[in-house]
Amino acid sequence: MSGPSDFQPTNPALKWIERRLPIMGLMHSSFVVYPTPRNLNYWWTFGAILSMMLGVQILTGVILAMHYTPHADLAFKSVELIVRDVNYGWLLRNIHASGASMFFLAVYIHMFRGLYYGSYKEPREVLWILGVIIYLLMMATGFMGYVLPWGQMSFWGATVITNLFSAVPYFGESIVTLLWGGYSVGNPTLNRFFSLHYLLPFVIAGVVVLHIWALHVAGQNNPTGVEPKTEKDTVPFTPHATIKDLFGTCCFLLFFSWFIFYMPNYLGDADNYIPANPGVTPAHIVPEWYYLPFYAILRSIPNKLAGVVGMFGAIIILAFLPWLDSAKTRSSKYRPLAKQFFWMFVVVCIGLGYLGAQPPEGIYVIVGRILTVCYFAYFLILLPLLSRIEKPRPVPNSIADDVLAKSGAKRATVASAAIALLVAGGLFAGSVQDARADDHGVSPPGLNWSFSGWRGTFDRGALQRGLKVYKEVCSSCHGLSYIAFRNLADAGGPGYSVAQAAAFASDYKIKDGPNDQGEMFERPGRAADYFPSPFPNEQAARAANGGALPPDLSLITKARSYKRGFPTFIFDFFTQYQEQGPDYVAAVLQGYEDKPPAGFTLPEGSFYNRYFPGHAIKMPKPLNDGQVTFDDGSPATVAQYAKDVTTFLMWAAEPHMEARKALGMQVFAFLILLSVLLYFTKKKVWANAH
Amino acid sequence: MLTAWPFISQMNPDASTIAAGAPIEVDLTPIAEGQDIKVFWRGKPIYISHRTKKQIEEAQKVPVASLPDPEPDSARVKPGHDQWLVVIGICTHLGCIPIAHEGAYDGFFCPCHGSVYDTSGRIRQGPAPANLAVPPYAFVSDTKIQIG
C-alpha cells in the first residue's frame, strides 16, 4: 500500500537530507497520503489512543525513575516522597498509575474490535500475532510495575505470580529461585523488576513499530471486512484519520483525567498503602483488574500445573485465532451467529473478571469453572465449527457502496455499544473493591466531609483542631513519620505561617548527631524535621502495646477501606465517592462499646469495637468527652474529635489534594473545549467523505 | 551456548544472600504447650508449634491413605519429639502465609485461596497440592533445634 513516496521537499536543506535518508518521504507515505478506508468507525481510533498511552507511560515513567529508589527498605518511602515533595510528583504518579489501567482498557477494546471485525484474518495474521506479543509484554511490564511501590499488594502479588513458575515439573523451584535472586521475594527481586520494568516499554515500542509496519503492508481492515478496491473506497490518512484520531484521543483523555484528578485510588488497592511485610499476608490477594479474567481461570482449575497452563494458554490461544476461525467472511456484521456468540464471549470475559475478584469458594468456583470451559470452547469448538456451518449474509460490493447505502443510522448503535462497554468496564473494575476488606462486619456510616467531591477542600479549622488531637492524644503511640513540620505551613494544609510552623517544631526534641565528640544529642526541632515517632523501633512499640503494633498514621486514611458492594461501587465512580478510609477511621474512633454483645468472647487485653474487623481491638478507647479543649469554641465531644482528627489525617495522607482537584477543573475545562473544537473540525474535514 | 551462562547464573542468589541463609539455632524453652512461634530463615517464616496431647492424637489417628498428600505424622516430626512440629509457613499453593490455630482442623488456614492444613501441617482441604514443607532441622539438645 505504502509504496515509494513521491514526496519532494522544496527547502534545499531538507532536500539534501531527503536524498540521503528519505525519512520525510516515509512519514509522508505512512501518515499523510496513506489511503485509509473511508468507513472506519470510532473503534478504530483506539490504535492512536494506544500509541499515545505508550508515549504517556514512557514519559511519566522515565521521570518517576529519576526520583524513585529501587531498594526494599526505601522504595515505599521514595514513592511517598515523590507524591509529597517533588513538584507535580502527585500528578506524574497518578498519570502513570491510572495510565496503566487506561492502557489496558484501551488494549482490550482494541482487541475486541479486532475479534469482532475479523481483523486477524488473511492477510493480517502476522499483524495480529505481533499484537498478541505486545499484549503479553504489556502484562509483564504492568505486573513488574505494580511491584515497584513495594506495598503489601505489590509484595504478595509478586509472591503469588512468581510462584506460578514453581508449577513447572522438575525445574520449578530452581526457576523461582532464579527469578527471586534469593530464597524469597526480596531486595534482589525488586531491583531486577525495576530494571526490566524500565526496559520492556522500549521493547514494546519496537514491536509496535513492527505492528504498524505490518499494518501498512496489509492495509487497515474496516467494518465491512471488504478490501478497498478503488480510490472511492479510501480517503487520505491526513487530514481524515488524523483529525478523527485526535478527537477520539481527546475524548479518551477526558475519561482518563477523571481518574487522574478525581479518583486516583479507585482502581488501586488500599492494602498497597501499607509497606510490604513478608510476615503478614493480606486477607485477599487480588491482582489488578486487567489480570482478573486470567486469575479466575487459574483458580478454577483444581490442579496447580493445569491451572497455570490454562492461564497462559488462555492468552497464547489468541495467537492461533487466524487458523481457528477459517470463515471467509471477515466482519461479524455479516455473520449472524458469530455476532451473537461474540457478545456472549464478551460477557464470559467480564464474568471471569468479576469472579477473579471474588473469594474462591462455593458458587463462585462452580461458575468460574463453567465460564472457563466457555472461554476455551469459544476458540476451540465454536469458531472452527461456525466457520463450517454458518451461512453469512452477502457482503457489500465495495466500501463506497456500503457508505452510500446508509449514512447516520449506525451512529446510535456505536454510542450505545460504547456506553455498554464503559458500564461493563466499571463493573469489572469495581468488582476489585468488592473483594477488598471482606471481613468488616459492619459498614461504617458515611459522614459529610469537607474534602469530598470535585470541589472539596480541607476545613482549615478542622485541620488545626485535628492536629491538636493528634498531638495531645494519638502521638503517644502513633507516628506520623511522613509529615514534616514545614508541611504545616504548606498551601492547602492547616494554614499556619512559616513562623508558626517553626515555633511548633521547636517544642519537639529531635535526636541528632553525631557531634564532634561522636555522640548523639538532642536539639529543638526545626521546620525541616519530621514528626518524631513515639517508639525507637517496631519491637519497642509492640512491647509497650501488648504485642500489637500501633500503625503509623501518615497514610492510614488511604490504607484502610471497607467493602462497598454491588452496585454501590458503580455509583461511587460517578459520585467520586472515595472516603471509605476516613469513614472507617472516624467510625473506629467512635465504635467502642463497654460491654461486648452476648455470645462474643473478648480476648484478654482487647477492647470491643463495632467497626474494627473481628471486633477485638488492642487499642483502648482513645477519645473521651472533654479530653482536649479547643480554642475556637468547638464542642469537646468524641464525635467532634474523631471528625477533626480524621480530617487532619486525610490531609496527612494526601497533602496536595486541593491542588489536584483545582488543576483537575482547569484540565477538564480545557479538554472539553478542545473536544468540541476537534469535533467540528472533524465534521468539516469529513463533510464530503460521508 | 556457554557464553549465555554468566548472564543467567548472575540471577541466582549472590554470595551474601547465600551466607545469610546459613543455619540458625532456636531455643524452644520459652514456647509453652499449645503455643507456637514464627522465626525467619532465608526470608521464609517457619512455624515451631508446641503441640498439645490432643493435637498430637488428632494428627496421628487420621487414616493416612485418606489424605490428599499421604504422609504419616511420624514422618513429619523427629522421633521422640512428637510435641514439636516445625514447618515452613508458606502455603504450597501460591506462597501465602497460613495463619496458625485456624481452620477446621486446628492447624493452619491460608487466607489467600482457602487451603486448610491439620495439626501436622498436612493439606486437608483447598487448592494446595502438598503438605506444608518441613525444613531441614535437627535437635541439638532437648530444648534447642538447628534449622538449616
Side-chain angles (χ1 to χ4, degrees), chain A residues 72 152 155-167 172-189 191-192 195-196 277-287 295 298-308 358-362 364-365 435 438-439, chain B residues 5 7-22 24 35 37-47 68-69 88-104 108-116 123 125-130 133 135-136 147-148:
Chain A
Q152 272 291 68
F155 183 91
W156 289 101
T159 300
V160 169
I161 302 296
T162 47
N163 262 311
L164 292 179
F165 292 93
S166 69
E173 294 299 326
S174 322
I175 294 175
V176 174
T177 307
L178 193 78
L179 289 175
W180 286 340
Y183 303 108
S184 56
V185 173
N187 192 47
T189 324
N191 259 300
R192 61 190 56 180
S195 168
L196 292 174
N277 182 350
V280 181
T281 316
H284 300 275
I285 296 187
V286 183
Y295 194 58
L298 168 77
R299 297 194 308 186
S300 297
I301 303 174
N303 177 290
K304 182 171 167 178
L305 178 59
V308 174
Q358 303 308 316
E361 55 201 24
Y364 296 129
V365 177
D438 217 5
D439 36 15
Chain B
W5 181 239
F7 296 95
I8 296 166
S9 174
Q10 54 80 24
M11 286 178 74
N12 269 316
D14 68 12
S16 69
T17 310
I18 293 170
I24 53 164
Q35 281 195 331
I37 61 162
K38 191 161 73 174
V39 296
F40 276 86
W41 176 65
R42 292 190 165 180
K44 292 174 182 167
I46 297 194
Y47 280 110
D69 182 10
I88 298 180
I90 292 182
C91 182
T92 52
H93 183 225
L94 292 172
C96 297
I97 297 183
I99 303 165
H101 294 298
E102 286 223 9
F108 303 86
F109 171 75
C110 180
C112 292
H113 304 107
S115 293
V116 186
I123 179 67
Q125 198 183 309
I147 301 175

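Heavy atoms only: backbone and side chains are in, while hydrogens, waters and symmetry mates are out. Reminder, nothing fancy here: chain letters follow the sequence lines and each chain counts from 1.
- For chain A, the nearby parts of Ile18(B) are the backbone and the side chain; heavy atoms of each come within less than 4.5 Å.
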Practice task
Applying side-chain contact (heavy atoms from CB on, under 4.5 Å), run through Thr159(A) and Cys96(B) and close with a yes or a no.
Solution key: CA-CA 8 Å; Thr159(A) 300; Cys96(B) 297; over 6 Å; no
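- Taking Phe109(B) as the reference, nothing meets the ring pair (Phe, Tyr, Trp, His ring centres under 6.0 Å) condition, with sequence neighbours excluded.
- Both the backbone and the side chain of Leu164(A) come within less than 4.5 Å of a heavy atom of chain B.
- Interface remark: Leu298(A) contributes side-chain atoms only to the contact with chain B (heavy atom separation under 4.5 Å).
- With hydrogens and angles ignored, the 3.5 Å screen pairs a side-chain donor or acceptor of Lys304(A) with a backbone N or O of His93(B).
- Shortest non-hydrogen contact noted between Tyr183(A) and Lys44(B) is O-CE, 3.1 Å.
- Of the possible donor and acceptor atoms, one in the side chain of Thr281(A) sits under 3.5 Å from a partner among the backbone N and O of Ile97(B).
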Which donor-acceptor pairs under 3.5 Å do side chains of residues 7-14 of chain B form with protein atoms, sequence neighbours excluded?
from, atom 1, to, atom 2, distance (Å)
Gln10(B), NE2, Phe7(B), O, 2.8
Asp14(B), OD1, Ser16(B), N, 3.3
Asp14(B), OD1, Ser16(B), OG, 3.0
Asp14(B), OD1, Thr17(B), N, 2.9
Asp14(B), OD1, Thr17(B), OG1, 2.6

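- To the nearest 0.5 angstrom, Cys91(B) atom SG is 9.5 Å from Asn163(A) atom CG.
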